[in-house]
There are 2 protein chains.
Amino acid sequence: MTIEAHRKTTIMDIAAKANVSPSTVSRVLRGSAEVAEAKRTAVMQAVTELQYRPNIFAQSLASGQSMTIGVLTQNFGSPFYDGILHGILLGLEKTEYWPLFADGRWHPEIELNAFHLLLDRRVDGLIVIGGQLAEETLRTVAQRTPLIVVARRIAALPDNSLYLNNFAGGYNATRYLLDMGHRDIVHITAPNVNPIAIDDIEQRYQGYQQAILDAGLQLDPRLVVEGNLQQQSGVLAVEMLLSRGRPFSAIFTANDQMAFGARLALYRRGIRVPEDVSLVGFDDEAFAPYMVPPLTTMRQPAAEMGQTAAKAVLDLLNKKKPNLPLFEANLVVRESVTRH
Amino acid sequence: MTIEAHRKTTIMDIAAKANVSPSTVSRVLRGSAEVAEAKRTAVMQAVTELQYRPNIFAQSLASGQSMTIGVLTQNFGSPFYDGILHGILLGLEKTEYWPLFADGRWHPEIELNAFHLLLDRRVDGLIVIGGQLAEETLRTVAQRTPLIVVARRIAALPDNSLYLNNFAGGYNATRYLLDMGHRDIVHITAPNVNPIAIDDIEQRYQGYQQAILDAGLQLDPRLVVEGNLQQQSGVLAVEMLLSRGRPFSAIFTANDQMAFGARLALYRRGIRVPEDVSLVGFDDEAFAPYMVPPLTTMRQPAAEMGQTAAKAVLDLLNKKKPNLPLFEANLVVRESVTRH
DNA sequence: AATTATTCTGAAAACGCTTTCAGAAATTCT
DNA sequence: AGAATTTCTGAAAGCGTTTTCAGAATAATT
């Protein structure tokens with residue numbers, strides 16, 4: 001029923017029914033001007049009686065606004081990204097704006113395409129999560145459209161990007177292992193394929209190095225391995241590590257997915273976690289608490305970041321300077337680390 | 001650069017530049033009629049030179065089509081749903097249509113809201129993934145808008161719903177355990193809160209029962225426990241089970257998430273998998289291959305289902321009767337089951 | 001060469017709403 | 001009570017395309 005009306009009823013119909021002009025209907029509907037109480041209620045009545053639903057295209061065409069915020073993500077399925085989306089949804093909930101999602105699939109071409117789709121749909125604001133769009137492109141767009149980039153640091157747009165202190169995250173994860181008595185700590189990182197996109201991972205790596213150094217220890221290249229952030233690369237990394245013969249008592253992986261892979265590889269080799277080697281991840285994905293044993297990891301405040309991002313575009317929309325704090329990752333201790 | 005032009009250039013500008021009427025520009029742009037070669041190229045040139053991008057709102061308003069397919073999901077973050085989304089993206093890739101996503105968050109209110117949002121945006125077609133929308137509502141909409149419901153069986157809309165043979169899935173999972181020599185097989189299911197939405201789970205349960213019966217065994221209510229599909233409920237289910245004291249050698253869970261929870265509970269109790277109890281899940285989520293030990297589970301062809309759904313709405317759009325096969329779940333054998 | 005078909009093309013009318021402009025109505029002030 | 005304000009309200013002009021209609025060009029027939 002409620003749906004029935006979709007096709008036909010226009011503002012003219014309800015104007016006729018309420019005995020006012022279309023202009024007045026528009027005014028009461030969007031509250032753009034005072035309207036006599038009697039007419040207002042007449043209009044409201046007609047609206048509900050006729051199940052009127054404004055035509056968004058006409059609205060946007062006439063007003064020049066789409067009342068939508070474009071959200072470009074890289075992978076709907078990733079827990080971390082999902083957390084951010086969730087936050088954005090929350091941040092937009094009480095506003096007039098609706099999110100319009102597009103998925104770049106971590107594919108530069110698809111991403112660019114999706115980016116244009118959003119722009120073509122005349123979104124009033126844009127939130128880009130991670131991704132590999134050229135800084136240049138982002139800068140150009142930012143000049144005309146309120147834009148916030150989440151989970152990626154754009155040097156040229158300090159006031160439009162929102163990210164995590166990955167250095168501190170890496171530092172603290174390592175530091176925790178150090179505090180637990182570990183000395184031979186391996187780090188599984190990921191190569192800097194795209195200098196910008198994977199900057200986060202690089203930062204975590206640097207944090208790891210600094211922590212080792214601060215503890216008065218030596219950096220040992222034989223203790224660091226590269227993966228590609230996928231689970232499978234975690235198992236490969238451990239294989240590689242084992243073949244090097246360099247002893248170690250703990251592993252810190254740049255993300256949880258690789259930690260899961262590493263854990264599996266260890267299991268296959270009959271190496272116990274945490275008795276033989278301790279493990280800490282990064283992200284606190286949904287599965288982390290259900291790994292066997294539950295994974296100790298660095299938690300990213302994904303939802304909070306999403307919500308902050310939403311508020312920030314809204315600020316930009318209202319010409320206010322947004323408040324963009326540097327987010328911190330928190331250690332969540334579970335059972336994959338033991339004292340050494 | 002490419003973006004620069006967004007704001008201003010209209011079809012009039014390019015008409016002027018190419019020395020033709022706006023009508024002609026429209027014609028070449030959308031190929032709706034033959035246009036002399038000379039003018040066509042002139043138009044194309046103007047278009048690229050002026051970086052013209054049509055105004056989607058004007059287009060849709062005038063044509064009555066939005067060239068979008070609405071996709072209503074329940075949770076961007078779920079691997080299974082993500083698989084379907086991926087398939088939809090694939091199915092739409094080479095077409096003129098773009099997907100418009102909305103997330104119902106498994107929340108009836110939010111879902112209904114999102115549903116209306118999509119309708120208000122005048123999507124040309126609609127794909128609803130799971131969810132709890134009333135059948136009545138869906139039926140009404142289906143009368144006017146091409147609609148496909150995925151991963152949920154709508155009795156009243158046999159030609160618009162696309163789902164998995166959950167009964168066979170449950171049957172085969174159980175059958176596999178039986179074939180491996182197990183006799184005391186527990187099943188962790190989920191209560192039928194919403195008679196429609198969780199029908200899938202109910203079907204799996206029935207498949208389990210039938211398999212047991214077909215093997216000439218007795219159904220034992222002490223062997224079935226209810227969870228709520230979340231990981232945590234898997235651990236609770238196992239606790240409950242253990243407290244009942246009824247011995248068992250294998251567990252079949254209605255979904256992978258509960259299997260992960262169950263596995264953790266077993267670990268805490270020092271019960272080995274698969275040596276002491278075998279475990280099989282349902283869904284084949286991304287984490288399944290990395291559980292310790294890797295989880296044997298029933299794989300749902302999510303991407304294929306998504307792609308089929310996309311093709312189906314497109315068919316509906318073209319007044320063709322869509323082909324909606326019944327999908328089957330396949331057993332993927334890993335390491336969580338052993339012969340008994 | 002005169003007709004008749006075919007192709008092309010521009011003018012103009014939608015599409016459904018917002019918003020400016022100016023006049024009407026209701027208030028307030030002298 | 002009349003003038004000066006302030007509030008309301010309708011007419012009409014967009015917003016940027018698509019599409020119908022009919023006339024102009026061009027090509028095909030006789």
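Only this structure's heavy atoms are used, side chains among them; waters, hydrogens and symmetry mates stay out.
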| task | Could you check how far CD of A:Gln65 sits from P of C:dC17, rounded to whole Å? | result | 17 Å
| message | Would you compute the distance between atom OG1 of A:Thr95 and atom CE of A:Met67 and round it to the nearest 0.5 angstrom? | response | 7.5 Å
| Closest to side chain of A:Arg27, choosing from C:dG10, D:dA11, C:dC15 | D:dA11
| query | NA contact type, A:Val35, heavy-atom cut-off 4.0 Å: base, sugar-phosphate, or nothing? | reply | sugar-phosphate
| If you check every side-chain atom of B:Ser63, which of D:dT9, C:dG16, D:dT18 has the closest atom? | D:dT18
| message | I need the CZ-P distance between A:Arg122 and C:dC17, as an integer number of Å. | response | 20 Å
| task | Choose from D:dG10, D:dG14, C:dC8 the nucleotide whose nearest atom is closest to any side-chain atom of B:Glu34. | result | C:dC8
| note | B:Asn55 has its side chain closest, among D:dA11, D:dT17, C:dC17, to D:dT17
| query | Taking all atoms of both residues into account, what is the closest heavy-atom pair of B:Trp106 and B:Tyr81, and its distance? | reply | CZ2-OH, 3.2 Å
| request: Write down the distance between CG (B:Asn19) and P (C:dT9), rounded to a whole number of angstrom. | output: 13 Å
| message | If I take atom CG in residue A:Asp120 and atom P in nucleotide D:dG16, what distance separates them, rounded to the nearest angstrom? | response | 15 Å
| query | In whole angstrom, what separates A:Phe57's CZ from D:dT18's C1'? | reply | 14 Å
| Nearest-nucleotide pick for B:Thr10, side chain only, options being D:dC8, D:dG10, D:dT17 | D:dT17
| task | Starting at atom CD of A:Gln59, determine the distance to atom P of D:dC15, rounded to an integer number of angstrom. | result | 18 Å
| request: Check every atom of C:dC17, C:dG10, D:dT17 against the side chain of A:Pro54 and return the nucleotide holding the closest atom. | output: C:dC17
| query | Of all the nucleotides listed (C:dG16, C:dT19, D:dG10), which has the minimum atom distance to the side chain of A:Val20? | reply | D:dG10
| task | Respond yes when some side-chain nitrogen or oxygen of B:Lys39 is under 4.0 Å from OP1 or OP2 of C:dC8, and no when none is. | result | no
| said: Heavy atoms from C-beta onward define the side chain here; which of D:dT19, D:dG16, C:dT18 lies closest to that of A:Ser26? | reply: C:dT18
| message | So does B:Gln132 get a backbone contact from the side chain of B:Glu111, meaning a donor-acceptor N/O pair under 3.5 Å? | response | yes
| query | Would you say the side-chain atoms of B:Thr145 pair up with the backbone N or O of B:Leu147, donor to acceptor, closer than 3.5 Å? | reply | no
| query | Should the ring pair B:Phe76 and A:Phe76 be called parallel, tilted or perpendicular, given that the plane angle runs from 0 to 90° and is split at 30 and 60? | reply | parallel
| field | Side chain of A:Ala36 (C-beta onward), nearest among D:dC8, D:dG16, C:dC17 | value | D:dC8
| field | Nearest-Å distance for atom pair CD1/P, residues B:Ile56 and D:dT18 | value | 11 Å
| request: Look at the side-chain N and O atoms of B:Arg40 and state whether any lies under 4.0 Å from the OP1 or OP2 oxygen of C:dC8. | output: no
| query | Choosing from D:dG10, C:dT9, D:dT17, which nucleotide comes nearest the side chain of B:Ala58? | reply | D:dT17
| Does the side chain of A:Thr24 get closer than 4.0 angstrom to OP1 or OP2 of D:dG10 through an N or O atom? | yes
| What distance do A:Leu162 atom CG and A:Glu304 atom CD have between them, rounded to the nearest 0.5 Å? | 11.0 Å
| field | Between D:dG10 (P) and A:Met12 (CE): distance, integer Å | value | 13 Å
| message | Is there a side-chain contact between B:Arg30 and the phosphate of D:dT19, meaning an N or O under 4.0 Å from OP1 or OP2? | response | yes
